[in-house]
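Position 1 is the first residue of the sequence; numbering continues from there.
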Amino acid sequence: MALSDRSRESLLPSFLYSTAGARPYTAGGGAAFRIPAAAAPGGVGGGAPIEIQAPREKIEMYSPAFYAACTAGGIASCGLTHMAVTPLDLVKCNMQIDPAKYKSITSGFGILAKEQGVRGFFRGWVPTLLGYSAQGACKFGFYEFFKKYYSDIAGPEYTQKYKTLIYLAGSASAEVIADVALCPFEAVKVRVQTQPGFARGLGDGLPKFIKSEGALGLYKGIVPLWGRQIPYTMMKFASFETIVEQIYKHAVPVPKSECSKSFQLGISFAGGYIAGVFCAIVSHPADNLVSFLNNAKGATVGDAVKKLGLWGLFTRGLPLRIVMIGTLTGAQWGIYDAFKVMVGLPTTGGVTPAPATSDAGLKAVSA
């Protein structure tokens, strides 16, 4: 069913997106502007029309090309960043699995360097790159899809009123799908990183894992993975959107549309880093479970709780993970939005204006 112009204009954050109810306007010097059709031409009191600067969009919003661009941006942002922090992830996983040996971050790096050399710090980088690239593609692509889908269902008024719930529902739905893509790679990655001699990487590790655990064993950790990643992603997207909105609303003296692209990308990184700290805290217990289950054959959640204890589930490896996830999430949002800018799309997040309540209100503006 075709969406009405009003429904398209209601999508969050609506001021960032092209709408059927707006038409392009070019002022002197070639600067691109957009003005509502209801307000053009002529402005208040017969003066110039109200003009809002907008990016020169090369891709139509919510078209197949738009979702393809978001998917590609997700691949770049998640795959590359997770691969870059492989050494931190390697130490973190070993601290979770063998805390008696890997007692701290510093000693963990020292032990790995002594036993495996510098090359050992990047053990498991291939399943990390491929797994998180697949996850990023689904995470960002489906988030944009579900955010629009739930906004259309809610309608303009409720979308504006319950926008945080839209972010939470959209990100949770996307992550359910993303983790199905990630889980097999994550299982092999953890085994390669925490059991020296098991395999050199994905090529020989995957068939070994399947021979030992069976093909379904690759999804043994899917439930704790959902338990880790769904809260993480809900926090990642909802807090990011909220933080960025508050930054533009209270800390930036000019509208987002007047900020340079480099400044907007800086806001994306800062908002992503802050969101990443919250993400690490809420998802850490499940992260410990995933590492434990994928390392020990036949292990159960009960075994993990018994060995690690509740306090250990929440705190073991947490400081390192806060640093890792904060940096990771900030970089992911920076790369994702940089990719969007590169293809002509606006950056994510910002102050969302209240939707118009009636056609009469719109006419009153142009009167």
Please confirm whether the ring centroid of W333 lies under 6.0 Å from the ring centroid of F237. yes
What are the two closest heavy atoms between I75 and A137, and how far apart are they? CG1-CB, 3.5 Å
Give the ring-plane orientation class for F66 versus Y62, where under 30° counts as parallel, over 60° as perpendicular and anything between as tilted. perpendicular
Side chains of S104 and T106: is there a donor and an acceptor less than 3.5 Å apart? no
When the aromatic ring centroids of F121 and F109 are compared, is their separation below 6.0 Å? yes
Would you say the side chains of Y132 and E186 form a donor-acceptor pair under 3.5 Å? yes
For S171 and Y232, test the side chains for any donor-to-acceptor distance below 3.5 angstrom and give the result as yes or no. no
Between T86 and F122, what is the shortest heavy-atom contact and its length? CG2-CA, 3.8 Å
Taking atom types as modelled, is there a side-chain donor on S173 or Y150 under 3.5 Å from an acceptor on the other? yes
Would you check, one step at a time, whether the test side-chain contact (heavy atoms from CB on, under 4.5 Å) holds for K148 with Y67? CA-CA 11 Å; K148 177 182 184 296; Y67 292 117; 3.4 Å; yes
Between P224 and L293 the two heavy atoms that sit nearest each other are CG-CD1, 3.5 Å
Trace of the side-chain contact (heavy atoms from CB on, under 4.5 Å) decision for S77 with F140: CA-CA 9 Å; S77 68; F140 283 93; 3.5 Å; yes
Would you say T348 and D337 are linked by a side-chain donor-acceptor pair, where the criterion is simply a distance under 3.5 Å? yes
Just by distance, with hydrogens left out, do S212 and R191 show a side-chain donor and acceptor under 3.5 Å apart? no
Taking all non-hydrogen atoms of both residues into account, name the closest pair between A199 and V192 and its distance. O-CG1, 3.8 Å
Applying side-chain contact (heavy atoms from CB on, under 4.5 Å) to K189 and F185, what does each step give before you reach the verdict? CA-CA 6 Å; K189 175 189 78 75; F185 297 98; over 6 Å; no
Testing the 3.5 Å rule here: is there a donor-acceptor pair between the side chains of K139 and T233? yes
So, D303 side chain and T300 main chain: donor-acceptor pair closer than 3.5 Å or not? yes
To check you understand the geometry: which heavy-atom pair defines the closest contact between I59 and A69, and what is its length? CD1-CB, 4.0 Å
Measure the acute angle between the ring planes of Y149 and F146, then classify it against the limits of 30° and 60° as parallel, tilted or perpendicular. perpendicular
If the threshold is 4.0 Å, N to carboxylate O, is there a salt bridge linking K92 and D287? yes
Look only at the side chain of K256 and the backbone of G349, and say whether a donor-acceptor pair between them is shorter than 3.5 Å. yes
Find the distance between SG (C78) and CG (L129) and round it off to the nearest 0.5 Å. 11.5 Å
What pair of heavy atoms forms the shortest contact from A134 to A181, and how long is it? CB-CB, 4.0 Å
